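Here is the structure we will look at, set down as structure tokens.
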Amino acid sequence: MTDHPTDHRALVTAPFRGEGLATLESLADVVLDPWIDQQPIRLYNGEQLAERVQAEGADLLVVESDFVSGPVLELPLLAIGSCRGDPNNVDVAAATAQGIPVLRAPGRNADAVAELTVGLLLAVTRGIVPADADVRAGDPYRDGMLPYQRYRAWELAGKTVGIVGLGAVGRAAKWRFEGLGMRVIAHDPYADDATYALDDLLAEADIVSMHAMVTPETQGMIGPEQFARMREGSVYLNSARAQLHDTDGLVDALRDGPVAAAGLDHFVGERLPADHPLCALPNVVLTPHIGGATYNTEANHSRLIANGLAALLAGERPENIVNPEVLQ
Ligand SMILES: NC(=O)c1ccc[n+]([C@@H]2O[C@H](COP(=O)([O-])OP(=O)(O)OC[C@H]3O[C@@H](n4cnc5c(N)ncnc54)[C@H](O)[C@@H]3O)[C@@H](O)[C@H]2O)c1
């Protein structure tokens with residue numbers, strides 16, 4: 001807590017750090033109790049948050065994963081900051097009905113997800129995960145072959161990568177791919193510089209990297225037909241959402257072609273059963289939705305939310321307000 005009381009008091013249950021924390025401390029007394037430091041996991045619901053907000057006497061609430069609904073929205077809060085691009089943990093309609101501004105943090109994890117995407121690409125193309133296992137097992141020279149024989153691969157430089165969804169993450173991935181010497185093509189009906197038709201992209205790309213948001217239009221957009229259009233030996237990356245593809249279709253494409261390898265950071269329901277066919281395939285690398293998990297993501301959302309709160313308290317309209325109608 002700051003030692004110079006202000007008129008405001010902020011309960012922050014999100015991780016909050018860096019420049020954004022300093023800004024917030026200049027605006028309010030800060031009670032910082034991030035959910036991410038709790039073990040076992042602590043996620044407040046609307047009742048629990050209401051109790052905590054009242055106990056702290058807070059008029060500002062900043063959350064990342066707690067659920068802001070029901071009774072907490074009946075309290076006289078001046079603002080709610082949701083440290084996410086999509087503030088789907090906040091009942092925005094109810095907040096709006098109560099006249100409470102809701103702030104969000106778009107693009108906070110774009111660089112983090114883009115870096116993991118590059119990591120998945122390198123892991124799948126260079127066999128990093130099985131090669132590591134070979135060394136740990138003391139068994140790199142097996143099946144009568146040297147590892148140098150088993151792990152030969154084509155380099156990424158000179159390959160074409162097709163980005164599907166040229167938003168915050170897609171753009172952060174684009175320059176990284178280009179930095180690796182790859183040619184980038186992109187499909188995004190809502191971005192003027194992503195002019196490839198999806199079918200053309202699938203047919204031309206050596207690597208297809210998914211970065212679209214999930215909407216009725218994008219849900220299942222990569223199904224058996226689309227996998228079949230991909231190039232023989234291609235790589236499929238999805239660090240966005242599993243809902244964008246048909247998982248059975250992906251398994252078939254990995255088993256029988258044309259997809260040679262895949263790197264995935266998300267699964268429907270946030271997990272894969274251990275006996276899922278994907279877990280038995282050697283040509284995939286699977287990570288459990290850790291794309292955004294960097295300290296930089298936390299510093300980014302802290303800065304975005306704190307700047308938004310500063311603007312609100314100064315009577316200005318914050319850039320990242322979800323429900324600007326409450327300001328009228
Ligand atoms: N793995 C993780 O930890 C992690 C973290 C953050 C975001 N994500 C996911 O990454 C994806 C991108 O996030 P973002 O922050 O860049 O979102 P964003 O909103 O900035 O970008 C999404 C892009 O998808 C585009 N799009 C919409 N419909 C499309 C269509 N039919 N075809 C192609 N593109 C279409 C939009 O125009 C937009 O440019 C989302 O699915 C998000 O859920 C994953």
Side-chain angles (χ1 to χ4, degrees), residues 14-15 36 64-65 82-89 103-121 123-124 161-177 184-205 207-223 225-226 229-230 236-247 262-272 284-301 304-305 319-320 322:
I36 210 161
E64 184 183 36
S65 296
S82 175
C83 296
R84 297 168 163 233
D86 175 5
N88 56 12
N89 59 327
L103 304 174
R104 68 184 189 108
R108 65 175 181 139
N109 45 21
D111 290 313
V113 181
E115 285 195 358
L116 187 82
T117 307
V118 172
L120 288 172
L121 177 57
V124 297
V161 57
I163 290 180
V164 180
L166 198 59
V169 179
R171 287 179 194 282
K174 181 175 186 281
W175 67 258
R176 289 173 167 85
F177 289 141
V184 177
I185 58 178
H187 166 75
D188 186 331
Y190 307 98
D192 291 344
D193 51 345
T195 50
Y196 258 72
L198 181 61
D199 283 354
D200 295 342
L201 177 147
L202 296 172
E204 198 168 318
I207 294 118
V208 173
S209 195
M210 301 301 294
H211 301 290
M213 60 182 66
V214 178
T215 66
E217 187 188 24
T218 63
Q219 185 132 13
M221 71 188 292
I222 309 293
E225 209 182 297
Q226 286 71 32
R229 283 186 203 281
M230 288 174 60
Y236 178 75
L237 302 173
N238 188 342
S239 59
R241 285 289 182 272
Q243 285 85 349
L244 298 175
H245 61 237
D246 176 291
T247 303
L264 309 172
D265 185 48
H266 186 258
F267 310 96
V268 175
E270 299 294 332
R271 59 178 70 229
L272 271 184
V284 297
V285 174
L286 310 168
T287 52
H289 200 172
I290 56 171
T294 68
Y295 298 114
N296 306 68
T297 292
E298 298 172 7
N300 292 339
H301 72 215
L304 289 163
I305 294 296
E319 204 178 323
N320 297 315
V322 182

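This chain uses plain numbering: 1 for the first residue, then up along the sequence. Read the numbers this way: they start at 1 and go in the same order the structure lists the ligands and their atoms. From a predicted model like this one, the values you see are computed outputs, not experimental measurements.
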Please state which protein non-hydrogen atom is closest to atom 4 (C) of ligand 1 and give its distance, to 0.1 Å? Val113 CG2, 3.6 Å
Can an N or O of Ala240 be found at a distance shorter than 3.5 Å from an N or O of ligand 1? no
Using heavy-atom distances, let me know which of Glu217, His211, Arg171 sits nearest atom 12 (C) of ligand 1. His211
Side chain or backbone of His187 under 4.0 Å from ligand 1, or both, or neither, by non-hydrogen atoms? both
Contact region, Leu244 to ligand 1, non-hydrogen atoms below 4.0 Å, reads neither
Does ligand 1 have an atom that lies less than 4.0 angstrom from a heavy atom of Pro189? yes
Would you say Thr215 touches ligand 1, if touching means a heavy atom closer than 4.0 Å? no
When the ring planes of His245 and Tyr236 are compared, do they come out parallel, tilted or perpendicular, using 30° and 60° as the limits? perpendicular
Do any N/O atoms on Thr218 end up under 3.5 angstrom from N/O atoms on ligand 1? no
What do you reckon, does Arg241 put a non-hydrogen atom under 4.0 Å from ligand 1? yes
Is there a polar contact between ligand 1 and Val169, counting only N or O atoms under 3.5 Å apart? yes
Atoms in ligand 1 flagged as close to His289, the criterion being non-hydrogen separation under 4.0 Å: 1 (N), 2 (C), 3 (O)
Would Ala212 count as a polar contact of ligand 1, with the cut-off being nitrogen or oxygen pairs under 3.5 Å? yes
Apply salt bridge (Lys or Arg N to Asp or Glu O under 4.0 Å) to Asp199 and list each qualifying residue two or more places apart in sequence or on a separate chain. Arg229
Less than 4.5 Å apart, any side-chain heavy atom of His289 and any of Glu270? yes
Nearest heavy atom to atom 23 (C) of ligand 1: which of Leu201, Asn238, Thr117, Asp188 does it belong to? Asp188
Region of Met213 that comes within reach of ligand 1 [heavy atoms, distance under 4.0 Å]: both
For Gly85, state whether at least one heavy atom is located under 4.0 Å from any atom of ligand 1. no
Flag atom 17 (O) of ligand 1 as yes if some protein heavy-atom distance to it falls below 4.0 Å, otherwise no. no
If you measure from the Lys or Arg side-chain nitrogens to the Asp or Glu carboxylate oxygens, is any gap between Arg171 and Asp193 under 4.0 Å? yes
Indicate yes or no: does an N/O atom of Gly170 lie under 3.5 Å from an N/O atom of ligand 1? no
Atoms of ligand 1 close to Asn109 [distance to a heavy atom under 4.0 angstrom, numbered from 1]: 5 (C), 6 (C)
Nearest non-hydrogen protein atom, atom 21 (O) of ligand 1: Gly167 CA, 3.3 Å
